[in-house]
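Have a look at the structure below, then the notes.
Every heavy atom of this structure was used, including side-chain atoms; hydrogens, water molecules and symmetry mates were not.
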There are 2 protein chains.
Amino acid sequence: MVRPGGRSARVQAAVHAAVRELASEVGRDALTVPLVARRAGVTPSTIYRRWGDLQELLSDVAVERLRPEASPGDHGDLYADLTAWAEQFLDEMASPAGRSYIRDALLGDPDGSNAGQCSAYAAEQLETVLARAAGRGDVTPDVETVMDGVVAPLMYRILFRPDGLDAPYAHRLVAQALGRTGP
Amino acid sequence: MVRPGGRSARVQAAVHAAVRELASEVGRDALTVPLVARRAGVTPSTIYRRWGDLQELLSDVAVERLRPEASPGDHGDLYADLTAWAEQFLDEMASPAGRSYIRDALLGDPDGSNAGQCSAYAAEQLETVLARAAGRGDVTPDVETVMDGVVAPLMYRILFRPDGLDAPYAHRLVAQALGRTGP
DNA sequence: CCTTAGACGCAATGATTTTGCTTTAAGCTG
DNA sequence: CAGCTTAAAGCAAAATCATTGCGTCTAAGG
(Lines give C-alpha, C1' and ligand atoms only; values in the text may rest on other atoms or scores of the structure.)
Protein backbone atom coordinates (compact mmCIF):
# COMPACT_ATOMS: atom_id res chain seq x y z
CA MET A 1 0.00 0.00 0.00
CA VAL A 2 1.48 3.27 -1.08
CA ARG A 3 0.71 6.61 0.38
CA PRO A 4 1.46 9.26 -2.16
CA GLY A 5 -0.21 12.19 -0.40
CA GLY A 6 -0.53 13.96 2.91
CA ARG A 7 2.06 13.74 5.60
CA SER A 8 4.20 11.19 3.80
CA ALA A 9 4.48 13.46 0.82
CA ARG A 10 5.37 16.42 3.00
CA VAL A 11 8.09 14.44 4.73
CA GLN A 12 9.51 13.31 1.44
CA ALA A 13 9.55 16.84 0.08
CA ALA A 14 11.13 18.23 3.23
CA VAL A 15 13.83 15.58 3.25
CA HIS A 16 14.66 16.02 -0.41
CA ALA A 17 14.82 19.79 0.04
CA ALA A 18 17.05 19.37 3.06
CA VAL A 19 19.44 17.22 1.06
CA ARG A 20 19.68 19.76 -1.73
CA GLU A 21 20.14 22.68 0.62
CA LEU A 22 22.76 21.02 2.75
CA ALA A 23 24.60 19.63 -0.23
CA SER A 24 25.18 23.15 -1.49
CA GLU A 25 25.93 24.54 1.95
CA VAL A 26 28.30 22.04 3.51
CA GLY A 27 29.15 19.86 0.53
CA ARG A 28 27.93 16.46 -0.46
CA ASP A 29 30.58 14.59 1.49
CA ALA A 30 29.61 16.19 4.77
CA LEU A 31 26.02 14.97 4.59
CA THR A 32 24.82 12.61 7.28
CA VAL A 33 21.40 11.23 8.01
CA PRO A 34 21.04 13.01 11.36
CA LEU A 35 22.08 16.28 9.75
CA VAL A 36 19.53 15.97 6.98
CA ALA A 37 16.89 14.89 9.46
CA ARG A 38 17.41 17.93 11.65
CA ARG A 39 17.16 20.29 8.71
CA ALA A 40 14.04 18.58 7.45
CA GLY A 41 12.40 18.68 10.87
CA VAL A 42 12.18 14.92 11.01
CA THR A 43 13.66 12.20 13.18
CA PRO A 44 16.54 10.16 11.80
CA SER A 45 14.64 6.94 12.24
CA THR A 46 12.09 8.15 9.72
CA ILE A 47 14.79 8.44 7.10
CA TYR A 48 16.34 5.11 7.99
CA ARG A 49 12.98 3.35 7.85
CA ARG A 50 11.97 4.91 4.59
CA TRP A 51 15.21 4.99 2.62
CA GLY A 52 17.42 2.48 4.37
CA ASP A 53 20.56 4.57 4.45
CA LEU A 54 22.09 7.79 3.23
CA GLN A 55 23.15 6.34 -0.10
CA GLU A 56 19.69 5.29 -1.11
CA LEU A 57 18.35 8.69 -0.14
CA LEU A 58 21.02 10.45 -2.17
CA SER A 59 20.28 8.13 -5.06
CA ASP A 60 16.64 9.18 -4.93
CA VAL A 61 17.50 12.85 -4.91
CA ALA A 62 20.08 12.41 -7.67
CA VAL A 63 17.61 10.78 -10.03
CA GLU A 64 15.23 13.68 -9.58
CA ARG A 65 17.96 16.14 -10.43
CA LEU A 66 18.97 14.16 -13.48
CA ARG A 67 15.45 14.38 -14.89
CA PRO A 68 15.50 16.64 -17.95
CA GLU A 69 13.61 19.85 -17.40
CA ALA A 70 12.73 20.70 -20.94
CA SER A 71 12.23 19.02 -24.29
CA PRO A 72 15.18 19.13 -26.66
CA GLY A 73 15.18 22.29 -28.78
CA ASP A 74 14.34 22.41 -32.47
CA HIS A 75 17.28 23.58 -34.57
CA GLY A 76 15.95 22.81 -37.99
CA ASP A 77 17.51 19.48 -38.82
CA LEU A 78 18.45 16.22 -37.17
CA TYR A 79 22.17 16.84 -37.15
CA ALA A 80 21.79 20.22 -35.46
CA ASP A 81 19.25 18.88 -32.99
CA LEU A 82 21.41 15.94 -31.98
CA THR A 83 24.54 18.01 -31.76
CA ALA A 84 22.89 20.55 -29.53
CA TRP A 85 21.39 17.85 -27.36
CA ALA A 86 24.68 15.99 -27.00
CA GLU A 87 26.46 19.18 -26.11
CA GLN A 88 23.97 20.02 -23.41
CA PHE A 89 24.02 16.45 -22.13
CA LEU A 90 27.79 16.63 -21.88
CA ASP A 91 27.70 19.99 -20.12
CA GLU A 92 25.25 18.84 -17.53
CA MET A 93 26.64 15.38 -16.91
CA ALA A 94 30.35 16.08 -17.04
CA SER A 95 30.23 18.95 -14.56
CA PRO A 96 31.37 18.14 -11.05
CA ALA A 97 27.78 18.32 -9.86
CA GLY A 98 26.60 16.10 -12.69
CA ARG A 99 29.24 13.49 -12.04
CA SER A 100 28.32 13.53 -8.40
CA TYR A 101 24.65 12.96 -9.19
CA ILE A 102 25.44 10.13 -11.55
CA ARG A 103 27.61 8.44 -8.98
CA ASP A 104 24.99 8.87 -6.30
CA ALA A 105 22.28 7.53 -8.58
CA LEU A 106 24.35 4.44 -9.34
CA LEU A 107 25.47 4.02 -5.80
CA GLY A 108 22.43 3.58 -3.63
CA ASP A 109 20.57 1.50 -6.12
CA PRO A 110 20.32 -2.16 -5.11
CA ASP A 111 18.00 -3.20 -7.92
CA GLY A 112 19.26 -0.89 -10.63
CA SER A 113 15.95 0.89 -11.05
CA ASN A 114 17.36 4.36 -10.52
CA ALA A 115 20.11 3.80 -13.03
CA GLY A 116 17.51 2.47 -15.45
CA GLN A 117 15.52 5.64 -14.95
CA CYS A 118 18.51 7.79 -15.91
CA SER A 119 18.94 5.83 -19.08
CA ALA A 120 15.23 6.12 -19.79
CA TYR A 121 15.42 9.90 -19.50
CA ALA A 122 18.06 10.05 -22.20
CA ALA A 123 16.19 7.60 -24.39
CA GLU A 124 13.03 9.66 -24.03
CA GLN A 125 14.77 12.82 -25.12
CA LEU A 126 16.29 11.07 -28.09
CA GLU A 127 12.88 9.71 -29.06
CA THR A 128 11.63 13.27 -29.24
CA VAL A 129 14.50 14.41 -31.43
CA LEU A 130 14.28 11.43 -33.75
CA ALA A 131 10.49 11.55 -34.03
CA ARG A 132 10.72 15.21 -35.01
CA ALA A 133 13.26 14.36 -37.68
CA ALA A 134 11.09 11.55 -38.96
CA GLY A 135 8.21 14.04 -39.12
CA ARG A 136 10.35 16.19 -41.41
CA GLY A 137 10.75 13.21 -43.69
CA ASP A 138 14.38 12.61 -42.78
CA VAL A 139 15.83 9.14 -42.57
CA THR A 140 16.85 8.60 -38.97
CA PRO A 141 18.82 6.07 -36.97
CA ASP A 142 16.93 4.37 -34.19
CA VAL A 143 17.28 5.24 -30.55
CA GLU A 144 19.51 2.27 -29.77
CA THR A 145 22.03 3.38 -32.35
CA VAL A 146 22.29 6.82 -30.82
CA MET A 147 22.44 5.42 -27.31
CA ASP A 148 25.31 3.14 -28.29
CA GLY A 149 27.07 5.67 -30.46
CA VAL A 150 26.70 8.88 -28.48
CA VAL A 151 25.31 8.45 -24.99
CA ALA A 152 27.37 5.41 -24.03
CA PRO A 153 30.76 6.81 -25.06
CA LEU A 154 30.03 10.11 -23.34
CA MET A 155 28.93 8.41 -20.15
CA TYR A 156 31.81 5.98 -20.24
CA ARG A 157 34.30 8.81 -20.34
CA ILE A 158 32.47 10.78 -17.70
CA LEU A 159 32.69 7.84 -15.34
CA PHE A 160 36.00 6.26 -16.26
CA ARG A 161 38.13 8.84 -18.05
CA PRO A 162 37.77 12.41 -16.83
CA ASP A 163 40.05 13.62 -19.60
CA GLY A 164 39.47 14.23 -23.28
CA LEU A 165 35.86 15.26 -22.97
CA ASP A 166 34.88 18.32 -24.94
CA ALA A 167 32.30 19.56 -27.39
CA PRO A 168 34.26 18.54 -30.51
CA TYR A 169 34.36 14.97 -29.26
CA ALA A 170 30.60 14.97 -28.78
CA HIS A 171 30.21 16.40 -32.29
CA ARG A 172 32.34 13.61 -33.75
CA LEU A 173 30.22 10.99 -32.02
CA VAL A 174 27.04 12.49 -33.42
CA ALA A 175 28.49 12.70 -36.91
CA GLN A 176 29.57 9.07 -36.77
CA ALA A 177 26.22 7.93 -35.44
CA LEU A 178 24.52 9.70 -38.34
CA GLY A 179 26.80 8.00 -40.80
CA ARG A 180 28.72 11.08 -41.76
CA THR A 181 32.45 11.39 -41.68
CA GLY A 182 32.45 15.11 -40.98
CA PRO A 183 30.03 17.93 -40.22
CA MET B 1 57.28 9.84 1.93
CA VAL B 2 55.88 6.51 0.92
CA ARG B 3 56.60 3.24 2.60
CA PRO B 4 56.02 0.45 0.15
CA GLY B 5 57.61 -2.35 2.15
CA GLY B 6 57.70 -3.94 5.56
CA ARG B 7 54.86 -3.66 8.01
CA SER B 8 52.78 -1.29 5.90
CA ALA B 9 52.84 -3.77 3.04
CA ARG B 10 51.89 -6.63 5.34
CA VAL B 11 48.98 -4.65 6.74
CA GLN B 12 47.76 -3.77 3.28
CA ALA B 13 47.94 -7.39 2.16
CA ALA B 14 46.21 -8.65 5.31
CA VAL B 15 43.41 -6.11 4.95
CA HIS B 16 42.87 -6.85 1.28
CA ALA B 17 42.83 -10.56 1.99
CA ALA B 18 40.37 -10.05 4.82
CA VAL B 19 38.04 -8.15 2.52
CA ARG B 20 38.12 -10.90 -0.09
CA GLU B 21 37.60 -13.67 2.43
CA LEU B 22 34.79 -11.97 4.25
CA ALA B 23 33.09 -10.87 1.07
CA SER B 24 32.74 -14.48 0.03
CA GLU B 25 31.81 -15.69 3.52
CA VAL B 26 29.25 -13.18 4.70
CA GLY B 27 28.53 -11.24 1.53
CA ARG B 28 29.67 -7.87 0.38
CA ASP B 29 26.81 -5.99 2.02
CA ALA B 30 27.63 -7.34 5.46
CA LEU B 31 31.17 -5.97 5.44
CA THR B 32 32.06 -3.36 8.03
CA VAL B 33 35.34 -1.75 8.89
CA PRO B 34 35.58 -3.30 12.37
CA LEU B 35 34.78 -6.72 10.92
CA VAL B 36 37.50 -6.49 8.31
CA ALA B 37 39.93 -5.13 10.88
CA ARG B 38 39.37 -8.06 13.23
CA ARG B 39 39.92 -10.59 10.48
CA ALA B 40 43.04 -8.82 9.31
CA GLY B 41 44.44 -8.63 12.83
CA VAL B 42 44.49 -4.87 12.72
CA THR B 43 42.77 -2.07 14.61
CA PRO B 44 39.91 -0.26 12.90
CA SER B 45 41.63 3.08 13.24
CA THR B 46 44.39 1.82 10.99
CA ILE B 47 41.89 1.25 8.22
CA TYR B 48 40.14 4.55 8.76
CA ARG B 49 43.39 6.46 8.71
CA ARG B 50 44.75 4.72 5.68
CA TRP B 51 41.70 4.33 3.49
CA GLY B 52 39.26 6.88 4.86
CA ASP B 53 36.22 4.67 4.85
CA LEU B 54 34.91 1.30 3.78
CA GLN B 55 34.05 2.45 0.28
CA GLU B 56 37.55 3.57 -0.55
CA LEU B 57 38.91 0.30 0.75
CA LEU B 58 36.45 -1.69 -1.33
CA SER B 59 37.32 0.43 -4.33
CA ASP B 60 40.97 -0.47 -3.89
CA VAL B 61 40.20 -4.16 -3.64
CA ALA B 62 37.80 -4.04 -6.57
CA VAL B 63 40.38 -2.53 -8.91
CA GLU B 64 42.77 -5.33 -8.08
CA ARG B 65 40.15 -7.90 -8.93
CA LEU B 66 39.31 -6.17 -12.20
CA ARG B 67 42.89 -6.44 -13.39
CA PRO B 68 43.04 -8.87 -16.33
CA GLU B 69 44.90 -12.02 -15.48
CA ALA B 70 46.01 -13.07 -18.94
CA SER B 71 46.70 -11.57 -22.33
CA PRO B 72 43.91 -11.85 -24.89
CA GLY B 73 44.08 -15.10 -26.82
CA ASP B 74 45.14 -15.41 -30.45
CA HIS B 75 42.34 -16.70 -32.67
CA GLY B 76 43.89 -16.11 -36.04
CA ASP B 77 42.39 -12.82 -37.15
CA LEU B 78 41.32 -9.50 -35.73
CA TYR B 79 37.62 -10.14 -35.93
CA ALA B 80 37.90 -13.42 -34.05
CA ASP B 81 40.26 -11.94 -31.49
CA LEU B 82 38.04 -8.96 -30.78
CA THR B 83 34.89 -11.04 -30.67
CA ALA B 84 36.40 -13.45 -28.19
CA TRP B 85 37.76 -10.64 -26.07
CA ALA B 86 34.45 -8.77 -26.04
CA GLU B 87 32.61 -11.93 -25.10
CA GLN B 88 34.92 -12.61 -22.19
CA PHE B 89 34.79 -8.98 -21.11
CA LEU B 90 31.02 -9.14 -21.09
CA ASP B 91 30.97 -12.39 -19.15
CA GLU B 92 33.26 -11.10 -16.46
CA MET B 93 31.85 -7.63 -16.14
CA ALA B 94 28.15 -8.35 -16.45
CA SER B 95 28.14 -11.09 -13.84
CA PRO B 96 26.79 -10.15 -10.43
CA ALA B 97 30.29 -10.23 -9.02
CA GLY B 98 31.64 -8.15 -11.88
CA ARG B 99 28.93 -5.53 -11.53
CA SER B 100 29.62 -5.36 -7.85
CA TYR B 101 33.33 -4.78 -8.42
CA ILE B 102 32.68 -2.11 -11.00
CA ARG B 103 30.31 -0.28 -8.70
CA ASP B 104 32.75 -0.50 -5.82
CA ALA B 105 35.60 0.71 -7.98
CA LEU B 106 33.60 3.72 -9.13
CA LEU B 107 32.14 4.42 -5.76
CA GLY B 108 34.98 4.99 -3.37
CA ASP B 109 37.08 6.91 -5.79
CA PRO B 110 37.24 10.62 -5.02
CA ASP B 111 39.79 11.51 -7.68
CA GLY B 112 38.75 9.02 -10.34
CA SER B 113 42.09 7.28 -10.41
CA ASN B 114 40.68 3.83 -9.74
CA ALA B 115 38.10 4.20 -12.48
CA GLY B 116 40.84 5.39 -14.79
CA GLN B 117 42.80 2.28 -13.97
CA CYS B 118 39.88 0.06 -15.00
CA SER B 119 39.66 1.84 -18.30
CA ALA B 120 43.41 1.52 -18.75
CA TYR B 121 43.20 -2.25 -18.26
CA ALA B 122 40.73 -2.55 -21.12
CA ALA B 123 42.75 -0.23 -23.33
CA GLU B 124 45.87 -2.24 -22.64
CA GLN B 125 44.22 -5.46 -23.68
CA LEU B 126 42.89 -3.88 -26.83
CA GLU B 127 46.35 -2.55 -27.64
CA THR B 128 47.61 -6.10 -27.54
CA VAL B 129 44.90 -7.38 -29.85
CA LEU B 130 45.27 -4.51 -32.31
CA ALA B 131 49.06 -4.62 -32.33
CA ARG B 132 48.91 -8.31 -33.12
CA ALA B 133 46.55 -7.62 -36.02
CA ALA B 134 48.81 -4.86 -37.29
CA GLY B 135 51.69 -7.33 -37.12
CA ARG B 136 49.72 -9.61 -39.42
CA GLY B 137 49.47 -6.76 -41.87
CA ASP B 138 45.78 -6.14 -41.25
CA VAL B 139 44.33 -2.67 -41.31
CA THR B 140 43.06 -1.96 -37.83
CA PRO B 141 40.95 0.66 -36.11
CA ASP B 142 42.66 2.51 -33.30
CA VAL B 143 42.06 1.81 -29.64
CA GLU B 144 39.79 4.80 -29.16
CA THR B 145 37.46 3.57 -31.85
CA VAL B 146 37.08 0.21 -30.16
CA MET B 147 36.71 1.78 -26.73
CA ASP B 148 33.90 4.00 -28.03
CA GLY B 149 32.30 1.35 -30.18
CA VAL B 150 32.52 -1.75 -28.01
CA VAL B 151 33.68 -1.13 -24.44
CA ALA B 152 31.57 1.96 -23.80
CA PRO B 153 28.25 0.48 -24.96
CA LEU B 154 28.85 -2.71 -23.00
CA MET B 155 29.76 -0.83 -19.86
CA TYR B 156 26.89 1.59 -20.27
CA ARG B 157 24.41 -1.24 -20.37
CA ILE B 158 26.05 -3.05 -17.50
CA LEU B 159 25.68 0.02 -15.32
CA PHE B 160 22.43 1.54 -16.55
CA ARG B 161 20.43 -1.13 -18.35
CA PRO B 162 20.72 -4.62 -16.91
CA ASP B 163 18.65 -6.01 -19.78
CA GLY B 164 19.47 -6.82 -23.36
CA LEU B 165 23.05 -7.84 -22.75
CA ASP B 166 24.14 -11.00 -24.48
CA ALA B 167 26.86 -12.36 -26.70
CA PRO B 168 25.12 -11.52 -30.00
CA TYR B 169 24.93 -7.88 -28.94
CA ALA B 170 28.66 -7.86 -28.23
CA HIS B 171 29.27 -9.45 -31.62
CA ARG B 172 27.25 -6.77 -33.37
CA LEU B 173 29.25 -4.04 -31.66
CA VAL B 174 32.52 -5.62 -32.75
CA ALA B 175 31.30 -6.01 -36.31
CA GLN B 176 30.22 -2.39 -36.46
CA ALA B 177 33.47 -1.17 -34.98
CA LEU B 178 35.35 -3.08 -37.64
CA GLY B 179 33.22 -1.52 -40.33
CA ARG B 180 31.35 -4.66 -41.22
CA THR B 181 27.63 -4.97 -41.38
CA GLY B 182 27.53 -8.65 -40.52
CA PRO B 183 29.86 -11.43 -39.41
C1' DC C 1 -18.01 8.77 10.41
C1' DC C 2 -15.29 4.79 11.56
C1' DT C 3 -11.84 1.44 10.81
C1' DT C 4 -7.41 0.01 9.47
C1' DA C 5 -2.82 0.00 8.62
C1' DG C 6 1.15 2.45 7.00
C1' DA C 7 4.20 6.07 8.49
C1' DC C 8 6.15 8.94 11.98
C1' DG C 9 8.13 10.29 16.66
C1' DC C 10 10.51 9.07 20.76
C1' DA C 11 13.91 6.91 23.36
C1' DA C 12 16.97 3.28 24.57
C1' DT C 13 20.59 0.36 22.84
C1' DG C 14 24.37 -1.10 20.20
C1' DA C 15 27.70 -0.33 16.64
C1' DT C 16 30.71 2.53 14.13
C1' DT C 17 33.66 6.49 13.46
C1' DT C 18 36.74 9.91 15.10
C1' DT C 19 40.66 11.58 17.73
C1' DG C 20 44.69 12.37 20.94
C1' DC C 21 48.46 10.06 22.47
C1' DT C 22 51.86 6.30 22.57
C1' DT C 23 54.56 2.80 20.41
C1' DT C 24 56.69 0.45 16.53
C1' DA C 25 59.67 -0.02 12.74
C1' DA C 26 61.06 1.50 7.74
C1' DG C 27 64.36 4.01 5.48
C1' DC C 28 67.82 7.45 5.54
C1' DT C 29 72.51 9.23 7.13
C1' DG C 30 76.89 9.34 8.82
C1' DC D 1 75.91 -1.02 10.96
C1' DA D 2 74.27 1.98 14.64
C1' DG D 3 71.54 5.90 15.34
C1' DC D 4 68.04 9.09 13.95
C1' DT D 5 63.79 10.62 11.93
C1' DT D 6 59.25 10.12 10.97
C1' DA D 7 55.42 7.68 8.65
C1' DA D 8 52.37 4.37 10.03
C1' DA D 9 50.13 1.28 13.50
C1' DG D 10 48.18 0.45 18.13
C1' DC D 11 45.33 1.74 21.99
C1' DA D 12 41.50 3.67 24.32
C1' DA D 13 38.13 7.21 25.22
C1' DA D 14 34.63 10.10 23.31
C1' DA D 15 31.48 11.38 19.89
C1' DT D 16 28.52 10.29 16.39
C1' DC D 17 25.64 7.31 13.83
C1' DA D 18 22.55 3.20 13.02
C1' DT D 19 19.06 0.10 14.70
C1' DT D 20 14.88 -1.30 16.98
C1' DG D 21 10.63 -1.70 19.99
C1' DC D 22 6.57 0.66 21.08
C1' DG D 23 3.10 4.12 21.14
C1' DT D 24 0.79 7.77 18.39
C1' DC D 25 -0.86 9.98 14.46
C1' DT D 26 -3.14 10.30 10.13
C1' DA D 27 -4.12 9.12 5.28
C1' DA D 28 -7.04 6.05 2.60
C1' DG D 29 -11.04 3.06 2.11
C1' DG D 30 -15.35 1.66 3.37
Separation of D:dA27 atom C1' from A:R10 atom CZ, nearest Å, is 10 Å
Taken in chain and number order and not counting sequence neighbours, the residues that satisfy side-chain contact (heavy atoms from CB on, under 4.5 Å) with B:S100 are B:R28, B:D104
Hits for side-chain hydrogen bond (donor to acceptor under 3.5 Å, both in side chains) against A:T140, two or more places apart or cross-chain, chain-then-number order -> none
Here the distance between atom P of D:dA9 and atom CH2 of B:W51, to the nearest Å, is 7 Å
Quick note, salt bridge (charged side-chain N to carboxylate O under 4.0 Å, His left out) partners involving residues 32-46 of chain B, not counting sequence neighbours, are B:E21-B:R39, B:E25-B:R39
Give me the distances for all protein-to-nucleotides 10-12 of chain D N/O pairs that come in under 3.5 Å?
unit_1, atom_1, unit_2, atom_2, d
D:dG10, OP2, B:T43, N, 3.4
D:dG10, OP2, B:T43, OG1, 3.4
D:dG10, OP2, B:T46, OG1, 2.6
D:dG10, O6, B:R49, NH2, 3.1
D:dC11, N4, B:S45, OG, 3.0

For B:A120, the side-chain contact (heavy atoms from CB on, under 4.5 Å) test, sequence neighbours excluded, returns B:Q117
Of D:dA9, C:dA7, C:dT16, the nucleotide closest to the side chain of B:S8 is D:dA9
Within residues 12-20 of chain B, those residues having any heavy atom closer than 4.0 Å to DNA chain D are none
Sorted by chain and residue number, the side-chain contact (heavy atoms from CB on, under 4.5 Å) partners of A:D142 (sequence neighbours excluded) come out as A:E144, A:T145
Sorted by chain and number, sequence neighbours left out, salt bridge (Lys or Arg N to Asp or Glu O under 4.0 Å) with B:D74 holds for B:R132, B:R136
Rounded to whole Å, the CG-P distance (B:D53 to D:dC17) equals 14 Å
Across all chains, not counting sequence neighbours, the side-chain contact (heavy atoms from CB on, under 4.5 Å) partners of A:E64 are A:Q12, A:H16, A:R20
Ignoring backbone atoms, establish whether A:R50 has a side-chain N or O less than 4.0 Å from OP1 or OP2 of C:dC8. yes
Taking side chain as C-beta onward, heavy atoms only, is A:E87 less than 4.5 Å from A:V174? no
Here the distance between atom C1' of D:dC17 and atom CG of A:L54, to the nearest Å, is 11 Å
note: B:I47, atom CD1; C:dT18, atom P; distance rounded to Å ~ 13 Å
